[in-house]
Amino acid sequence: DDVDDVRVTAIEETLARTRARLFVVRSLAARAQSVSEIERKLTARDIPEHIAREAIDSASGHGYLDDAELAGQLARGMRSRRYGLRRAEQVLRARGITAEDAAVALREAYGVEDEVGLARNALHRRAITPDEAGRRKAVAFLVRRGFSAGSAWRAVKDELAARTPG
């Protein structure tokens, strides 16, 4: 009976390891994810913590799970889609990226570019009416995209001035 219990435990642990590794591979094949996201998913599937850690370490060791690289990809994507720094930072935090990895990625993607300039760029091809309601709508748009209210107001003012012939 003792031998059978030992064998059953060994088989169950081997199956759990296989399930964990297979899940990690399939999950990462569908979408790039952070270590934190994979950890949450493995926990939700009742994978023992030490087995989950092995699967994560294996994926990391093979280069399939890299939070710094994911942070860079996300930050560059947010920048290219004309989102503000604050919004990009929120996305990285929501994905479980560490503060250090997020700071490096955001610095590389956004650099030291002026926030007002980025906000004006985000207004690209957007119609802005010069009345108070139009300005407020444009500022609200920019704030939702992650720009500070002050930078948004300045960008709208500068953009309206640039678009006004004179």
Side-chain angles (χ1 to χ4, degrees), residues 20-45 52-53 55-166:
R21 285 187 175 153
L22 188 58
F23 172 77
V24 169
V25 168
R26 287 181 176 163
S27 190
L28 291 172
R31 172 178 175 241
Q33 296 169 70
S34 68
V35 170
S36 176
E37 290 172 312
I38 293 292
E39 285 173 344
R40 275 190 300 251
K41 290 179 176 185
L42 288 171
T43 300
R45 282 163 178 72
R53 177 57 32 210
I56 288 168
D57 289 346
S58 176
S60 295
H62 287 90
Y64 298 122
L65 200 52
D66 184 347
D67 280 1
E69 178 61 29
L70 176 63
Q73 289 173 4
L74 293 171
R76 287 187 301 274
M78 296 297 287
R79 171 76 170 83
S80 71
R81 291 191 316 275
R82 297 183 175 99
Y83 281 96
L85 184 62
R86 286 172 182 77
R87 179 76 178 269
E89 188 176 14
Q90 290 171 346
V91 167
L92 294 178
R93 274 197 318 253
R95 296 286 300 269
I97 303 295
T98 65
E100 302 84 48
D101 286 340
V104 169
L106 293 170
R107 191 171 38 256
E108 287 175 2
Y110 285 82
V112 292
E113 193 168 339
D114 175 39
E115 188 178 27
V116 174
L118 288 169
R120 280 190 69 189
N121 190 27
L123 288 171
H124 179 71
R125 287 190 270 172
R126 186 164 181 88
I128 307 171
T129 58
D131 62 331
E132 184 66 22
R135 290 192 308 267
R136 285 183 186 274
K137 282 173 88 173
V139 168
F141 165 77
L142 290 172
V143 168
R144 284 191 308 273
R145 291 192 74 82
F147 296 97
S148 69
S151 294
W153 277 108
R154 180 75 181 158
V156 169
K157 179 183 171 197
D158 291 354
E159 189 62 23
L160 283 171
R163 291 181 185 183
T164 304

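All of these numbers come straight from a predicted model, not from anything done at the bench. Sequential numbering from 1 along the given sequence is applied to the chain's residues.
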J.: If you look at every heavy atom in L28 and Y64, which pair is closest and at what distance?
T.: CD1-O, 3.7 Å
J.: What's the separation between atom CG in L142 and atom CZ in R154, rounded to the nearest 0.5 Å?
T.: 14.0 Å
J.: What distance do R31 atom CZ and E37 atom CD have between them, rounded to the nearest 0.5 Å?
T.: 5.0 Å
J.: Specify the closest pair of heavy atoms between R40 and A94, including all atoms of both residues, with the distance to one decimal.
T.: NH2-O, 4.2 Å
J.: Say you draw a straight line from CE of M78 to CZ of R87; how long is it, rounded to the nearest 0.5 Å?
T.: 5.5 Å
J.: CG/L65 to CD1/I38 distance, rounded to the nearest 0.5 angstrom?
T.: 6.0 Å
J.: Identify the heavy atoms of Y83 and Y110 that sit nearest to each other, and give their distance.
T.: O-OH, 2.8 Å
J.: Is R136 atom CZ crowded by more than 12 heavy atoms from other residues, nucleotides or ligands, each under 6.0 Å away?
T.: no
J.: Looking at every non-hydrogen atom in both residues, tell me the closest pair between L123 and A155 and how far apart they are.
T.: CD1-O, 4.1 Å
J.: Nearest 0.5 Å, what's the OG-CD1 distance between S34 and I97?
T.: 5.0 Å
J.: Taking 4.0 angstrom as the limit, do E108 and R79 come out as a salt bridge?
T.: no
J.: What heavy-atom pair brings S151 and E115 nearest, and what distance separates the two atoms?
T.: OG-OE1, 2.8 Å
